[in-house]
Number of protein chains: 2
Amino acid sequence: MITDLEHIKTTIENKGVKASYQRLKIMEYLLKTKNHPTVDNIYEVMVKEIPTLSKTTVYNTMNLFVEKNIIKALSFTGVETRYDIVTQSHHHFICNQCHKIYDINTACSFMCDNHKIINGNKIEEVIGYFKGICKECINNKT
Amino acid sequence: MITDLEHIKTTIENKGVKASYQRLKIMEYLLKTKNHPTVDNIYEVMVKEIPTLSKTTVYNTMNLFVEKNIIKALSFTGVETRYDIVTQSHHHFICNQCHKIYDINTACSFMCDNHKIINGNKIEEVIGYFKGICKECINNKT
DNA sequence: ATTTATATTTGTAATGATTACAGATTTAGA
DNA sequence: TCTAAATCTGTAATCATTACAAATATAAAT
Ligand SMILES: [Mn+2]
Ligand SMILES: [Mn+2]
Ligand SMILES: [Zn+2]
Ligand SMILES: [Zn+2]
């Protein structure tokens with residue numbers, strides 16, 4: 001996994017985003033931990049490395065990254081938006097107990113991306129996710 | 001379609017909800033217009049019939065109805081929660097242009113409800129919806 | 001019918017995520 | 001170095017929703 005700052009720099013600059021120190025470090029964090037973080041998650045971790053960091057900068061950076069298709073914004077039933085460094089279409093499993101988010105990459109009829117039209121309506125995006133109890137939480141239940 | 005107030009009364013009382021005037025009228029509205037309204041939508045319409053109506057009552061009523069499985073709360077990517085009088089599992093198409101919400105009832109592999117376990121995680125609920133341009137908006141595009 | 005207890009409604013204040021905005025700082029170019 | 005543009009920062013505003021307590025309505029008891 002490439003998390004070298006130079007590589008990250010070229011990666012985001014190729015997407016048309018100037019690579020400021022804050023943006024680089026936030027991008028590094030997103031690549032390192034692919035855990036669908038909230039703005040708060042990112043802020044809490046990054047402010048330790050960048051003590052002057054403002055939460056507004058995290059919001060601005062997330063919005064910019066989404067706009068430039070560097071990340072995807074996910075909004076599950078909860079309140080806070082979550083961000084996904086994996087932009088290719090995939091779905092998620094959200095644990096009702098520990099609230100962890102898992103990527104679902106197995107080929108699943110879930111995404112019938114092949115239906116381009118449904119009831120006469122033109123599909124541009126298919127959003128889907130599962131909710132339930134995750135593997136870990138099942139095992140931890142004695 | 002049964003929208004007679006007496007019928008509505010027994011319907012919601014069968015679900016264990018006392019049928020106050022506000023609750024009855026709100027339920028009547030939900031049954032009449034099955035358009036996945038927001039709290040604001042409901043309030044704006046109902047306050048004309050019940051001038052003393054408080055928006056808090058609409059919130060309280062929606063939360064109670066959801067709790068008692070009379071309606072379902074839907075949260076798409078937007079901000080406001082929408083409410084669905086149709087509680088049986090089905091999916092939706094949201095128009096990116098006119099923001100109308102359509103029910104998708106056609107048998108669609110989309111909902112692989114049959115997978116009870118995915119990657120070891122126990123599925124309790126499958127959430128899915130499509131986004132795109134709806135039939136009407138396509139036709140209105142000259 | 002009058003009193004009393006319980007449930008519901010109402011209005012306002014609080015919360016929490018996100019955005020708006022303007023001043024401070026950094027970066028890049030002349 | 002000097003200047004202009006971009007970025008960052010902190011605070012105030014916004015907006016959906018909830019918390020809460022007082023007011024009202026409903027039901028039960030006398
Ligand atoms: Mn993901
Ligand atoms: Mn529906
Ligand atoms: Zn879990
Ligand atoms: Zn439309």
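To find a chain, count down the sequence lines: A is the first, B the second, and so on, and within it residues start at 1. These numbers come from the heavy atoms of this one structure, side chains and all, not from hydrogens, waters or symmetry mates.
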* **Of I71(A), T81(A), T57(A), the residue whose pairing with M62(A) passes side-chain contact (heavy atoms from CB on, under 4.5 Å)** =>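 Answer to the side-chain contact (heavy atoms from CB on, under 4.5 Å) test with M62(A) among I71(A), T81(A), T57(A): I71(A).
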* Where protein sits on nucleotides 16-23 of chain D, one letter per nucleotide: B base, S sugar-phosphate only, - none, heavy atoms under 4.0 Å -> SBBB----
* **Nucleotide interval of DNA chain C bounded by contacts with chain B (heavy-atom cut-off, under 4.0 Å)** =>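 Contacts span dA7(C) to dT12(C), reading 5' to 3'.
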What's the shortest heavy-atom distance between [X] and [Y], and which atoms?
X: I70(B); Y: T87(B); answer: O-CG2, 3.4 Å
X: L53(B); Y: Y43(B); answer: O-CE1, 3.4 Å
X: C95(A); Y: C134(A); answer: SG-N, 3.4 Å
X: N35(A); Y: Y29(A); answer: ND2-OH, 4.1 Å
X: K48(A); Y: E44(A); answer: CE-O, 3.8 Å
X: V58(A); Y: I42(A); answer: CG1-CG2, 3.9 Å

* Using side chain to side chain contact (heavy atoms under 4.5 Å, CB included) as the criterion, list what pairs up with T38(B), not counting sequence neighbours. => D40(B), N41(B), E80(B), R82(B)
Carboxylate-amine/guanidinium proximity below 4.0 Å for [X] and [Y]:
X: E13(A); Y: K15(A); result: no
X: E125(B); Y: K72(B); result: yes
X: E6(B); Y: K9(B); result: no

* Asked: Do V79(A) and F76(A) sit in the same hydrophobic cluster, where Ile, Leu, Val, Met, Phe, Trp and Tyr count as joined when their side-chain heavy atoms come under 4.5 Å apart?
  ->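 Result: no, two separate clusters.
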* Asked: Are any side-chain N or O atoms of T33(A) and backbone N or O atoms of L30(A), one a donor and one an acceptor, separated by less than 3.5 Å?
  ->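 No, the answer is negative, given that no donor and acceptor are paired below the 3.5 Å cut-off.
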* Asked: Among residues 41-53 of chain A, which contact DNA chain D at a heavy-atom distance under 4.0 Å?
  -> T52(A), L53(A)
* State whether a side-chain donor-acceptor pair under 3.5 Å links D84(A) with H36(A). => yes
* Asked: With a 3.5 Å cut-off and no angle check, do the side chains of H91(B) and D103(B) form a donor-acceptor pair?
  -> no
* To do: Pull out every residue in residues 64-76 of chain A that has a heavy atom closer than 4.0 Å to any atom of DNA chain C, ordered by number, or say none.
  =>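 Heavy-atom contacts with DNA chain C come from no residue of residues 64-76 of chain A; none.
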* Among residues 11-27 of chain B, which residues get a heavy atom nearer than 4.0 Å to DNA chain C? -> K18(B), S20(B), Q22(B), R23(B)
